[in-house]
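Read through the structure below, which is laid out as structure tokens, and then see the notes.
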Amino acid sequence: MPRMISFMLTRLATGFAIGCAVGFLIWQNGFLPFGSVPGEFQNYIAQGLFIYLFASTISMGYLATALLLEAE
């Protein structure tokens with residue numbers, strides 16, 4: 001695999017893991033400005049979407065920062 005592809009996939013995966021951890025911590029600690037979603041199944045869907053929101057945003061930011069600072 002070319003070095004640039006490996007570099008990008010590694011940074012995206014790392015950023016996604018950081019984003020998942022942050023999203024999960026925010027959801028579990030109740031820092032959200034809105035109430036809980038009614039229904040257990042809907043709550044799991046809302047939690048998954050919320051965590052994915054953080055993970056995708058932070059992974060792209062992590063990749064962009066790594067490309068700016070570390071790429072040769």
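This one's a predicted model, so the numbers in the text were calculated from it and none came from an experiment.
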How about C20 and F16: do any of their side-chain heavy atoms sit closer than 4.5 Å?
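A side-chain contact under 4.5 Å exists here.
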
Rounded distance (nearest 0.5 Å) linking atom [atom1] of [X] with atom [atom2] of [Y]:
X	Y	atom1	atom2	result
L63	L9	CG	CG	9.0 Å
R11	T65	CZ	OG1	11.5 Å
T10	R3	OG1	CZ	11.5 Å
Y62	T14	OH	OG1	5.0 Å
L12	I58	CG	CD1	13.0 Å

Using every non-hydrogen atom in the two residues, find where L67 and F7 come nearest and quote the distance to one decimal.
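Smallest interatomic distance, heavy atoms only, reads CD2-CE2, 3.5 Å.
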
Co-membership, hydrophobic cluster, residues L53 and W27, 4.5 Å side-chain
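L53 clusters together with W27.
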
Given the rule that I, L, V, M, F, W and Y join up when any side-chain heavy atoms are under 4.5 Å apart, are F54 and I18 in one cluster?
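Looking at the clustering, I18 is in the same group as F54.
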
Check: S56 main-chain N/O paired with S59 side-chain donor or acceptor under 3.5 Å:
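Present.
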
